[in-house]
Amino acid sequence: MLVLNIGNKEYKIEFTIEASLCNECTEKVTNLMMNIAEASGKKAVREVVSSMTDVPQTTMTMFYAGLLEYHGEDGDGTIITKDDAKKLLKKYFAEHKEDGAGNFYSLMELLIEQMGNDGFFKQIGLEQMFAQAKEVKTPQDHKKKATKATEK
């Protein structure tokens, strides 16, 4: 669990059941991870993420989903809507203007790391999907069949 101190209050961010049930979050994260998986190398991954036009919206959705477990309807009730999370995000950015953490990209990196720590990718089936994709064998029909003459 990630704890952010915003406005002298601690907010717990966790990517477990509540976050995985947020359709918008799972969709955006799945698309992001698929784009990253297609990129090869650290530089290419950075290029993919930095070229995304919806980094702010994706980060906002991830932030909201991460807050739901402890601060949503079943939690303390402080974050019920995405607008509630947006107001909190504005405070967070204002408080972190000078330290480099007060931007969408930096927060996205932090949230993705937390998703990994919380097992979010496994929870939504993303790890299994990637594992199955790696297991898919390349068709071998382009190769010549072995004949008795080539076997010797």
Side-chain angles (χ1 to χ4, degrees), residues 1-140:
M1 166 186 3
L2 172 67
V3 178
L4 296 178
N5 193 326
I6 306 170
N8 295 321
K9 182 177 178 191
E10 287 188 347
Y11 289 90
K12 298 174 185 174
I13 295 180
E14 185 173 285
F15 294 94
T16 53
I17 297 298
E18 291 294 331
S20 66
L21 294 174
C22 178
N23 288 341
E24 187 180 1
C25 180
T26 56
E27 181 181 335
K28 286 186 178 291
V29 169
T30 300
N31 289 337
L32 173 66
M33 291 301 145
M34 288 175 68
N35 288 336
I36 289 173
E38 289 174 5
S40 60
K42 196 171 190 171
K43 184 178 180 184
V45 169
R46 285 184 185 259
E47 287 174 7
V48 166
V49 175
S50 66
S51 70
M52 288 177 46
T53 56
D54 65 343
V55 167
Q57 285 299 319
T58 300
T59 305
M60 177 65 229
T61 300
M62 291 165 60
F63 183 67
Y64 168 67
L67 289 164
L68 292 176
E69 192 72 35
Y70 290 97
H71 306 286
E73 286 182 32
D74 293 336
D76 67 12
T78 56
I79 305 295
I80 302 299
T81 67
K82 208 169 169 185
D83 281 339
D84 296 333
K86 184 176 161 184
K87 290 174 189 170
L88 189 61
L89 185 62
K90 285 180 182 181
K91 280 184 187 178
Y92 175 79
F93 283 169
E95 293 174 3
H96 291 277
K97 276 184 182 178
E98 305 302 321
D99 65 10
N103 64 71
F104 287 104
Y105 185 78
S106 293
L107 183 58
M108 178 187 269
E109 285 184 318
L110 191 63
L111 296 174
I112 288 172
E113 181 180 342
Q114 190 58 43
M115 286 176 162
N117 293 342
D118 290 339
F120 180 76
F121 305 119
K122 186 174 184 177
Q123 180 77 35
I124 65 171
L126 199 57
E127 283 183 8
Q128 185 178 4
M129 184 176 73
F130 282 131
Q132 287 174 349
K134 285 181 181 179
E135 290 176 9
V136 173
K137 296 190 178 193
T138 307
Q140 302 293 316

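- Here CZ of Phe63 is found 15.0 Å from OG1 of Thr58. Values are rounded to the nearest 0.5 Å.
- Leu111 CG to Asp118 CG: the interatomic distance, rounded to the nearest 0.5 Å, is 10.5 Å.
- Here the side chains of Met62 and Cys22 are not in contact, with every heavy-atom distance at 4.5 Å or above.
- Leu110 is listed as a side-chain neighbour of Leu107, based on a closest heavy-atom distance under 4.5 Å.
- Two residues are said to be in side-chain contact when any heavy atoms from C-beta on lie closer than 4.5 Å; Glu95 and Ile6 meet this criterion.
- Atom OG1 in Thr26 sits 11.0 Å away from atom CD in Gln123 (nearest 0.5 Å).
- Not less than 6.0 angstrom separates the ring centroid of Tyr92 from the ring centroid of Tyr11.
- Within the 4.5 Å cutoff, no side-chain heavy atoms of Met1 are placed close to those of Ile13.
- Between the CD atom in Glu24 and the CD atom in Gln57 there is a gap of 7.0 Å [rounded to 0.5 Å].
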I'd like to know whether Phe120 forms a side chain to side chain contact (heavy atoms under 4.5 Å, CB included) with Val29, so could you lay out the CA-CA distance, the side-chain angles of the two residues, the decisive distance to 0.1 Å, and finally the verdict. CA-CA 10 Å; Phe120 180 76; Val29 169; 4.1 Å; yes
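- Closest of all the heavy-atom pairs between Ala19 and Ala65 is CB-O, 3.5 Å.
- Note that the CG atom of Leu88 and the CD1 atom of Ile79 stand 5.0 Å from one another [nearest 0.5 Å].
- Minimum heavy-atom separation, Glu69 to Ile17: OE1-N, 3.7 Å.
- By the 4.0 Å N-to-carboxylate-O rule, Asp76 lies too far from Lys12 to be salt-bridged with it.
- Counting heavy atoms of neighbouring residues, nucleotides and ligands inside a 6.0 Å radius, atom NZ of Lys9 exceeds 12 of them.
- Taking 4.5 Å as the limit, every side-chain heavy atom of Glu14 sits out of range of all side-chain heavy atoms of Gln114.
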Taking it one step at a time, do Ser20 and Met115 satisfy side chain to side chain contact (heavy atoms under 4.5 Å, CB included)? CA-CA 10 Å; Ser20 66; Met115 286 176 162; over 6 Å; no
Verdict with reasoning, Lys86 to Thr81, per side chain to side chain donor-acceptor pair (under 3.5 Å): CA-CA 9 Å; Lys86 184 176 161 184; Thr81 67; over 6 Å; no
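- In this structure the side chain of Thr59 never reaches within 4.5 angstrom of the side chain of Tyr105, judged on heavy atoms.
- Considering only heavy atoms from C-beta on, Lys28 comes within 4.5 Å of Asp54 through its side chain.
- Between the side chain of Asn103 and the main chain of Gly100, a donor-acceptor pair closer than 3.5 Å is present.
- Contact of the Thr78 side chain with the Asp84 side chain is not registered, since no non-hydrogen atoms from C-beta on lie closer than 4.5 Å.
- The ring pair (Phe, Tyr, Trp, His ring centres under 6.0 Å) test applied to Phe121 returns no partner, not counting sequence neighbours.
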Does the side chain to side chain contact (heavy atoms under 4.5 Å, CB included) test come out yes or no for Leu4 and Glu10, once each step is laid out? CA-CA 6 Å; Leu4 296 178; Glu10 287 188 347; over 6 Å; no
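- By the ring pair (Phe, Tyr, Trp, His ring centres under 6.0 Å) test, Tyr64 pairs with no residue at all, sequence neighbours left out.
- With values rounded to the nearest 0.5 angstrom, Leu68 atom CG is found 9.5 Å from Phe15 atom CZ.
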